[in-house]
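Treat the numbers as computed from the prediction; the structure is a model and nothing was measured. For the numbers below, each heavy atom of this structure counts, side chains included, while hydrogens, waters and symmetry mates do not.
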Amino acid sequence: MPDRERLRATFGEDAPRYDRARPTYPPELVADLTAAADLTPTSRVLEIGCGTGQLTVPLAMRGCAITALDLSLSMVDLARRNLAAYPATTVELSAFETWPLPPVPFDLVVSATAFHWIDPATRTAKAAEALRPGGTLALITTHHVAGGTEDFWVEVQHSYRRHDPDTPPDLRLPRPDSIPPDATDFTPHFAPIHFRRYERDVPYTGDEYVDLLLTYSNHRSLPEPNREALLTEIKSLIDTRYAGRIVKRYLFELAFARLRHEG
């Protein structure tokens with residue numbers, strides 16, 4: 001099994017943890033997405049990789065007719081519960097690669113922190129095929145960036161080097177302005193491409209941060225002895241050196257473009 005297939009399957013192993021620990025998307029990002037795609041209560045939206053509904057719920061609150069896909073049964077079950085109050089939203093158990101496109105196209109195809117898990121050979125072309133002429137593809141990417149409790153992010157690398165042999169030496173979180181925008185997944189079907197960025201600081205206790213780390217595929221895929229030793233050491237570091245609380249900075253990027261008209 002390719003690493004992409006193996007790692008993306010780890011997210012459904014603990015859907016309740018994913019639901020409670022992953023940060024929600026900034027309200028201003030959702031507002032910009034709504035405006036960029038000209039969403040109205042009659043708009044048709046396809047969401048790829050909905051997880052437990054972190055983006056789906058705020059979009060559903062705007063009244064759109066949403067079809068949300070996820071390949072994890074536990075994620076789908078929890079997303080359906082989170083979206084029970086929105087009858088115009090349906091959550092389907094399927095990988096996007098094998099999901100049959102309906103005859104009526106969508107106004108918006110959106111994927112939040114999930115598009116990179118889809119087969120790169122087909123994802124952009126199929127997203128384009130799912131859209132009406134002039135429809136919008138929107139991709140949300142989450143970056144872990146420098147900021148927050150700066151000293152902790154330097155010190156914790158010692159723990160990673162001890163317990164994760166794949167950790168590069170002297171690894172440091174990048175500055176937000178050092179991360180270039182990525183237009184790869186829009187060419188050649190979409191143009192022009194627009195980018196919006198949003199920084200957000202989120203506080204964590206030691207227990208909350210360990211909870212968050214257990215939602216990431218690179219941590220879940222570590223051998224269990226390494227993972228347990230790493231997480232124990234990280235929690236101890238937060239509790240003893242940082243008074244039980246750290247702040248993590250996220251950079252959310254919204255990239256969107258209209259489907260290029262043929263001819």
Side-chain angles (χ1 to χ4, degrees), residues 1-13 18 22 25 33 36-37 44-52 54-56 59 66-76 79 90-144 166 168 174 179-196 215-221 251-263:
M1 178 186 295
D3 279 349
R4 186 183 68 254
E5 296 291 327
R6 178 178 60 84
L7 291 175
R8 77 177 186 173
T10 65
F11 294 107
E13 293 174 351
Y18 188 99
R22 281 294 181 104
Y25 295 101
L33 171 59
R44 286 171 46 80
V45 177
L46 173 63
E47 184 183 2
I48 303 168
C50 67
T52 59
Q54 281 86 349
L55 179 67
T56 328
L59 287 179
I66 303 172
T67 301
L69 308 179
D70 204 276
L71 52 73
S72 162
L73 178 59
S74 59
M75 291 283 200
V76 166
T90 60
V91 184
E92 297 190 18
L93 177 65
S94 180
F96 178 58
E97 294 94 328
T98 57
W99 187 67
L101 294 178
V104 180
F106 294 91
D107 301 292
L108 169 68
V109 173
V110 62
S111 186
T113 321
F115 207 64
H116 61 288
W117 292 112
I118 301 167
D119 185 352
T122 59
R123 60 193 178 199
T124 306
K126 188 167 183 178
E129 187 181 355
L131 285 166
R132 63 166 174 80
T136 301
L137 173 64
L139 304 179
I140 299 168
T141 307
T142 303
H143 298 281
H144 307 280
D166 292 331
I179 300 174
D182 183 5
T184 304
D185 283 311
F186 290 90
T187 54
H189 304 278
F190 298 88
I193 304 160
H194 304 275
F195 297 92
R196 303 282 188 275
T215 71
Y216 291 122
S217 59
N218 59 335
H219 289 75
R220 296 192 67 89
S221 63
L251 171 66
F252 299 97
E253 180 177 86
L254 169 64
F256 57 92
R258 300 278 184 175
L259 182 64
R260 188 191 299 275
H261 288 277
E262 299 296 335

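Judged by distance alone, the side chain of Thr124 and the main-chain N or O of Asp185 form a donor-acceptor pair under 3.5 Å. Judged purely by atom type and a 3.5 angstrom limit, Lys126 uses its side chain to pair as donor or acceptor with the backbone of Trp99. No donor-acceptor pair closer than 3.5 Å links the side chain of Gln54 to the backbone N or O of Arg22.
When all heavy atoms of Asp70 and Gly51 are compared, the closest pair comes out as OD2-N, 2.8 Å. Nearest heavy atoms, Ala257 versus Ala191: CB-N, 4.3 Å. Heavy-atom minimum distance, Ala37 versus Leu108: CB-CD1, 4.0 Å. Nearest heavy-atom pair across Leu46 and Ala130 is CD2-CB, 4.2 Å.
Taking the six-membered ring where the residue is Trp, Phe186 and Phe190 present perpendicular rings, their angle passing 60° and hence far from 30°.
Residues satisfying the side chain to side chain contact (heavy atoms under 4.5 Å, CB included) criterion with Ala114, sequence neighbours excluded, are Ser111. With sequence neighbours excluded, the residues satisfying side chain to side chain donor-acceptor pair (under 3.5 Å) with His144 are Lys248. Take Thr142 and apply the side chain to side chain contact (heavy atoms under 4.5 Å, CB included) test, not counting sequence neighbours, and it matches Tyr25, Thr113, Tyr250, Phe252. Ala125 meets the side chain to side chain contact (heavy atoms under 4.5 Å, CB included) test with His189; sequence neighbours excluded. Thr184 pairs by the side chain to side chain donor-acceptor pair (under 3.5 Å) definition with Asp182, not counting sequence neighbours. The side chain to side chain contact (heavy atoms under 4.5 Å, CB included) check on Arg132 picks up Pro105, Asp107, Arg258, with sequence neighbours excluded.
A distance of 8.0 Å separates CG of Leu55 from CD1 of Ile66, quoted to the nearest 0.5 Å. Within the model, atoms CG of Leu71 and CG of Leu93 stand 7.5 Å from one another, a figure rounded to the nearest 0.5 Å. In this structure, Asp119 CG and Glu97 CD are separated by 5.5 Å, a value rounded to the nearest 0.5 Å. The CZ atom of Phe115 lies 6.0 Å from the CZ atom of Arg123; values are rounded to the nearest 0.5 Å. Once rounded to the nearest 0.5 Å, the distance linking NE2 of His194 with CZ of Phe256 reads 5.5 Å.
For the pair Trp117/Ser217, a side-chain contact is recorded, criterion being any heavy-atom separation below 4.5 Å from C-beta on.
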- request: Might you work through the side-chain contact (heavy atoms from CB on, under 4.5 Å) test for Asp166 and Asn218, ending with a clear yes or no?
  value: CA-CA 10 Å; Asp166 292 331; Asn218 59 335; over 6 Å; no
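The one candidate from Ile48, Leu59, Leu254 that meets the side chain to side chain contact (heavy atoms under 4.5 Å, CB included) condition with Val110 is Leu59. No option in Thr136, Leu137, Val109, Leu131 other than Leu131 meets the side chain to side chain contact (heavy atoms under 4.5 Å, CB included) test with Leu259.
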